Amino acid sequence: MSPSPIVWVSFDQVIVTETKVPCAFTEDDILHYVLIEQAQLFPTLDQEIYFDFLVKNVDEDNKKIVIAACNKKNFLDLDSSTLFLKIEDQSFSALNLLPWRQRNKKLAHKRQLKILAIVIVGTSILMLLLSLCFIHQKHQDKKRAIDLSYRKKVIIAQLSALEKSNQEVQTLIDLWGNEISNARHSLNLEAALKTVEFQRPENLMLDKITWKENKLLIKGRSKTSSAIKIYLKNLSENAMNAQLKFIGNAINQEFSIQFEIEIRDKEK
């Protein structure tokens, strides 16, 4: 038999039978039914067959189908170019005995596998992107936590420095006790002491403050004479009548200049 798109089958090689199936059966359902029941439908044929079917009529409950089948072994020399295996009898010209449904099913299965592979690859890429986003978010959260921790430490340090400064002023106030209480009405001594402390440059330190006869006498040490001048200027700009009474060398090597400043009550 020469290769051809259409191969005609002699009618005496074909067995035709009719049967009923439920009306709800689809083509796939009928195909599976024939494959399962082929031993009962075609007891004289081999296990491997070519077959096709057509629906003859349909009622409310059943479909009557006509099934034609032949042995595969009778057509071993079919070429891959053969598309149709048709029965010579013209009444069955619509039947193609080659297992086209099986081929279509295999193609559909391959398409499903391709779609599944695409879905798996897409899902993997999506999971990778989500993982990268999660890692990036965790990194950003960690960075924000470090920044917040650093800011917290800075704020705590600033509050500590302010508290220390307030404690130093409070210590000076506490040292003078009754003298401050008695003189407060004359010079507003508490505000004056805060100004004396807050206007002090960093490279200048105070050793002693004395209140006597409506005036403050401040003794201290400085690293440079320019710091003393800045201190006097700061006090003057804060409405304090400050005068330098003494300046000289100190024993301390770091704060090498001693000084005394007198602040008088302007109203006296």
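Computation of the quantities below employed the complete heavy-atom set of this structure, encompassing side-chain atoms and omitting hydrogens, waters and symmetry-equivalent molecules. Computed from a predicted model, the values in this text were never measured in an experiment.
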Quiz item: What are the two closest non-hydrogen atoms of Glu60 and Cys23, and how far apart are they?
Solution: O-CB, 4.0 Å
Quiz prompt | Backbone of Met127 reached by a side-chain donor or acceptor of Ser131 within 3.5 Å | solution = yes
Quiz item: Do Val34 and Ile67 have side-chain heavy atoms sitting under 4.5 Å apart?
Solution: yes
Practice problem: May I have the step-by-step check of side chain to side chain contact (heavy atoms under 4.5 Å, CB included) for His136 and Leu132, ending in yes or no? | Solution: CA-CA 6 Å; His136 177 71; Leu132 292 175; over 6 Å; no
Quiz item: Does atom CG of Asn57 have more than 12 heavy-atom neighbours from other groups under 6.0 Å away?
Solution: yes
Practice problem: Answer whether the closest heavy-atom distance between the side chains of Phe75 and Gln13 falls below 4.5 Å. | Solution: yes
Practice problem: For atom CD of Glu202, decide whether the heavy atoms of other residues, nucleotides or ligands shown that lie under 6.0 angstrom number more than 12. | Solution: no
Practice problem: Evaluate the side-chain proximity of Gln112 to Leu116: yes if any heavy-atom separation is below 4.5 Å, no if none is. | Solution: no
Exercise. Could you list the residues that satisfy side-chain hydrogen bond (donor to acceptor under 3.5 Å, both in side chains) with Arg144, not counting sequence neighbours?
Key: Asp141
Exercise. For residues Thr44 and Ile15, determine if any side-chain heavy atom of one lies less than 4.5 Å from a side-chain heavy atom of the other.
Key: yes
Quiz item: Can you hop from Phe198 to Met205 via hydrophobic side chains spaced under 4.5 Å?
Solution: no
Exercise. Test Leu204 against Phe259 for side chain to side chain contact (heavy atoms under 4.5 Å, CB included), laying out the working first.
Key: CA-CA 10 Å; Leu204 183 147; Phe259 66 91; 3.8 Å; yes
Quiz prompt | Expected output: side-chain His139 to main-chain Ile135 donor-acceptor under 3.5 Å | solution = no
Quiz item: Measuring from Lys219:NZ to Arg221:CZ, what's the distance to the nearest 0.5 Å?
Solution: 12.5 Å
Exercise. Taking salt bridge (charged side-chain N to carboxylate O under 4.0 Å, His left out) as the test, write out the residues that go with Lys114, two or more places apart.
Key: none
Quiz prompt | Listed partners of Asn238 passing side-chain hydrogen bond (donor to acceptor under 3.5 Å, both in side chains), at least two apart | solution = none
Practice problem: Identify the two heavy atoms, one from Pro201 and one from Ala227, that lie closest to each other, and give their separation to 0.1 Å. | Solution: CG-O, 3.6 Å
Self-check item: Glu48 atom CD: more than 12 heavy-atom contacts under 6.0 Å
Solution: no
Quiz item: Can you tell me how far OG1 of Thr195 sits from CD of Glu237, rounded to the nearest 0.5 angstrom?
Solution: 12.5 Å
Self-check item: Check against side chain to side chain contact (heavy atoms under 4.5 Å, CB included), Ile218 and Leu206
Solution: CA-CA 7 Å; Ile218 302 171; Leu206 304 180; 3.6 Å; yes
Quiz prompt | Within-4.5 Å side-chain heavy-atom neighbours: Lys72 and Asp46 | solution = no
Quiz item: When you look at Val66 and Val16, which way does the side chain to side chain contact (heavy atoms under 4.5 Å, CB included) test go after all the steps?
Solution: CA-CA 7 Å; Val66 177; Val16 179; 3.6 Å; yes
Quiz item: Quick check: does any side chain N or O of Asp59 sit under 3.5 Å from a backbone N or O of Asp61, one acting as donor and the other as acceptor?
Solution: yes
Quiz item: Restricting to pairs with a member in residues 224-233, which pass side-chain hydrogen bond (donor to acceptor under 3.5 Å, both in side chains), not counting sequence neighbours?
Solution: Thr224-Ser226
Quiz prompt | Rounded distance [0.5 Å steps], CG in Leu235 versus CD1 in Ile263 | solution = 5.0 Å
Quiz item: Thinking salt bridges, do Glu18 and Lys56 make one under a 4.0 Å N-O criterion?
Solution: yes
Quiz item: Is there a donor-acceptor pair under 3.5 Å between the side chain of Ser160 and the backbone N or O of Ile156?
Solution: no
Quiz item: For the atom pair CD (Glu262) and CG (Leu217), what is the distance rounded to the nearest 0.5 Å?
Solution: 6.5 Å
Practice problem: Answer whether the closest heavy-atom distance between the side chains of Met240 and Val196 falls below 4.5 Å. | Solution: yes
Quiz item: For the side chain of Asn71 and the backbone of Ile49, is there at least one donor-acceptor N/O pair under 3.5 Å apart?
Solution: no
Exercise. Find the distance between NZ (Lys245) and NZ (Lys215) and round it off to the nearest 0.5 Å.
Key: 7.0 Å
Self-check item: Any side-chain heavy-atom pair of Leu232 and Ile261 under 4.5 Å
Solution: yes
Exercise. Calculate, to the nearest 0.5 Å, the distance between atoms CZ and CG belonging to Phe255 and Asp207 respectively.
Key: 9.5 Å
Self-check item: Which residues share a side-chain contact (heavy atoms from CB on, under 4.5 Å) with Pro22, sequence neighbours left out
Solution: Phe25
Quiz prompt | Note, Leu31 side chain near Phe51 side chain (heavy atom, < 4.5 Å) | solution = yes
Quiz prompt | Smallest separation among heavy atoms of Asp29 and Ala24, with atom names | solution = OD2-O, 4.1 Å
Quiz prompt | Electrostatic pair Arg200-Glu197, nearest N-O below 4.0 angstrom | solution = yes
Quiz item: Which pair of heavy atoms, one from Tyr33 and one from Thr19, lies closest together, and at what distance?
Solution: OH-OG1, 3.5 Å
Quiz item: Taking only residues two or more places apart in sequence or in another chain, which ones pass side-chain contact (heavy atoms from CB on, under 4.5 Å) with Ile247?
Solution: Ile228, Leu244, Ile257
Quiz item: Does atom CD of Gln47 have more than 12 heavy-atom neighbours from other groups under 6.0 Å away?
Solution: no
